[in-house]
Engineer: 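Take a look at this one; I'll ask things after.
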Amino acid sequence: MSKSSTIAPGPAAAQVPGQGGKSTPAAAPRLVRQRRRRPGLIALSVALIAAGGLSGAVLYAASGQRSAVVVVSRDVPVGSLIAKEDLAQASIALDPAVKSVKASQTDSLIGQRAAVDLRAGNLLSPAQVTKETLVGPGDQVVGVSVKPSQLPATKLTPGQRVLIVSTPDPDAAAAETPAQAGAPKTLAATVIEVGAPAVGTGNIVVDVALPAKSGPDLAARVATGNVAVIVDARGGS
């Protein structure tokens, strides 16, 4: 005995005429839901984009802002006069906290003295230069001519503290007893300028400043040629 099954008819599909007179079922229309626009959210997005662009522009402008400043072009020892060749100009971006000298002030620095050792390539700050002279009130300047052997190998620089030591005359020292000789006489002074070695002899004249009451005494000692210059450790170099 055979069993038969029936398919329940579903909802009728619309028929549309096709080629050859045959009808084909048409697809049911899709329901398209229209998106709801939110004006407030759009306005917020536009504002955020604008703010981000403005911040980026401000940061770019700040990082790209450069200033013309003074830099050191060659080493200048402390106390030395600053020459035009010692300085150069550079255009760099600086933090406002960094103290610098504007390039327009370069001419005003010529003739001033280095308050500290200036190193080539470094940015120059106002505190590194001074208008103060190395010759104080009541001081005298005496030129001390010495042989290379009467100077330390370390190069003397303006502003350096030294001691001028009287060396004994060989003939007089031979006639004196140790008790008569005593300790060598010394005078403290400040180096003002160091001359170039003389051609032939190599002698160097060192200008020093010291109190006026000691000036004549030092000049008399220098005239004998029996003096030597040593670096005062208290003054450094």
Engineer: Residues two or more places apart in sequence or in another chain: which of them pass side chain to side chain contact (heavy atoms under 4.5 Å, CB included) with Leu81?
Structural biologist: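 Counting only residues at least two positions away or on another chain, Leu81 forms a side chain to side chain contact (heavy atoms under 4.5 Å, CB included) with Arg113.
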Engineer: Would you mind listing every salt bridge (Lys or Arg N to Asp or Glu O under 4.0 Å) that reaches into residues 209-218, with sequence neighbours excluded?
Structural biologist: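 Listed once each, the pairs are Asp217-Arg221.
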Engineer: When hydrophobic residues are tied together by side-chain contacts of less than 4.5 Å, even through go-betweens, does Val231 share a cluster with Val144?
Structural biologist: yes
Engineer: Shortest non-hydrogen contact from Gly202 to Pro197?
Structural biologist: O-CB, 3.9 Å
Engineer: Does the Asp75 side chain pair with the main chain of Ala120, one donor and one acceptor, at a distance under 3.5 Å?
Structural biologist: yes
Engineer: Is it the case that the side chain of Gln140 and the backbone of Ser214 share a donor-acceptor pair, with hydrogens and angles ignored and the cut-off at 3.5 Å?
Structural biologist: no
Engineer: Quick one: list whatever passes side chain to side chain contact (heavy atoms under 4.5 Å, CB included) with Ser145, sequence neighbours left out.
Structural biologist: Asn203, Val205
Engineer: Quick one: do Val191 and Thr157 satisfy side-chain contact (heavy atoms from CB on, under 4.5 Å)? Show the steps, please.
Structural biologist: CA-CA 7 Å; Val191 176; Thr157 58; over 6 Å; no
Engineer: If you take all heavy atoms of Ala90 and Val71, which pair is closest and at what distance?
Structural biologist: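 Closest approach of Ala90 to Val71: CB-CG1, 4.1 Å.
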Engineer: What's the shortest heavy-atom distance between Val165 and Pro184, and which atoms?
Structural biologist: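 Closest pair (atom of Val165, atom of Pro184, distance): CG1-CB, 3.9 Å.
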Engineer: Shortest non-hydrogen contact from Leu210 to Ala189?
Structural biologist: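 Shortest heavy-atom separation between Leu210 and Ala189 comes out as CB-CB, 4.2 Å.
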Engineer: Hey, mind stepping through Asp117 and Arg119 against side-chain contact (heavy atoms from CB on, under 4.5 Å) and telling me if it holds?
Structural biologist: CA-CA 6 Å; Asp117 286 331; Arg119 301 301 181 189; 3.9 Å; yes
Engineer: Tell me every residue that passes salt bridge (charged side-chain N to carboxylate O under 4.0 Å, His left out) with Asp139, counting only those two or more places apart in sequence or in another chain.
Structural biologist: none
Engineer: Please answer: with hydrophobic residues joined when any side-chain heavy atoms are less than 4.5 Å apart, are Leu134 and Val194 in the same cluster?
Structural biologist: no
Engineer: What pair of heavy atoms forms the shortest contact from Ser100 to Leu123, and how long is it?
Structural biologist: CB-CD2, 4.1 Å
Engineer: Heavy atoms only: give me the nearest Ala88-Ser73 pair and the separation to one decimal.
Structural biologist: CB-CB, 4.0 Å
Engineer: Checking Thr133 side chain against Val135 main chain: does a donor-acceptor pair fall under 3.5 Å?
Structural biologist: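 Indeed, once roles are kept as given, a pair shorter than 3.5 Å links the two residues.
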Engineer: Is the backbone N or O of Gly79 less than 3.5 Å from a side-chain atom of Gln160, with the two atoms forming a donor-acceptor pair by type?
Structural biologist: no
Engineer: Determine, using the 4.5 Å side-chain heavy-atom cutoff (strictly less than), whether Val142 and Leu151 are members of one ILVMFWY cluster.
Structural biologist: yes
Engineer: side-chain contact (heavy atoms from CB on, under 4.5 Å) between Val208 and Leu218: does it pass, once the steps are laid out?
Structural biologist: CA-CA 10 Å; Val208 298; Leu218 177 59; 3.9 Å; yes
Engineer: Which distance, rounded to the nearest 0.5 Å, do you find between the CG of Leu187 and the CD1 of Ile164?
Structural biologist: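 So the gap between those two atoms works out to 7.5 Å.
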Engineer: Not counting sequence neighbours, which residues clear side chain to side chain contact (heavy atoms under 4.5 Å, CB included) with Ser108? List them please.
Structural biologist: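 Residues passing side chain to side chain contact (heavy atoms under 4.5 Å, CB included) with Ser108: Gln105.
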Engineer: For Val116, which fellow cluster members are found when Ile, Leu, Val, Met, Phe, Trp and Tyr are connected by side-chain heavy-atom distances below 4.5 angstrom, either directly or through intermediates?
Structural biologist: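 Under the 4.5 Å side-chain rule, Val116 groups with Val70, Val72, Val76, Ile82, Leu87, Val101, Leu109, Ile110, Leu118, Leu124, Val129.
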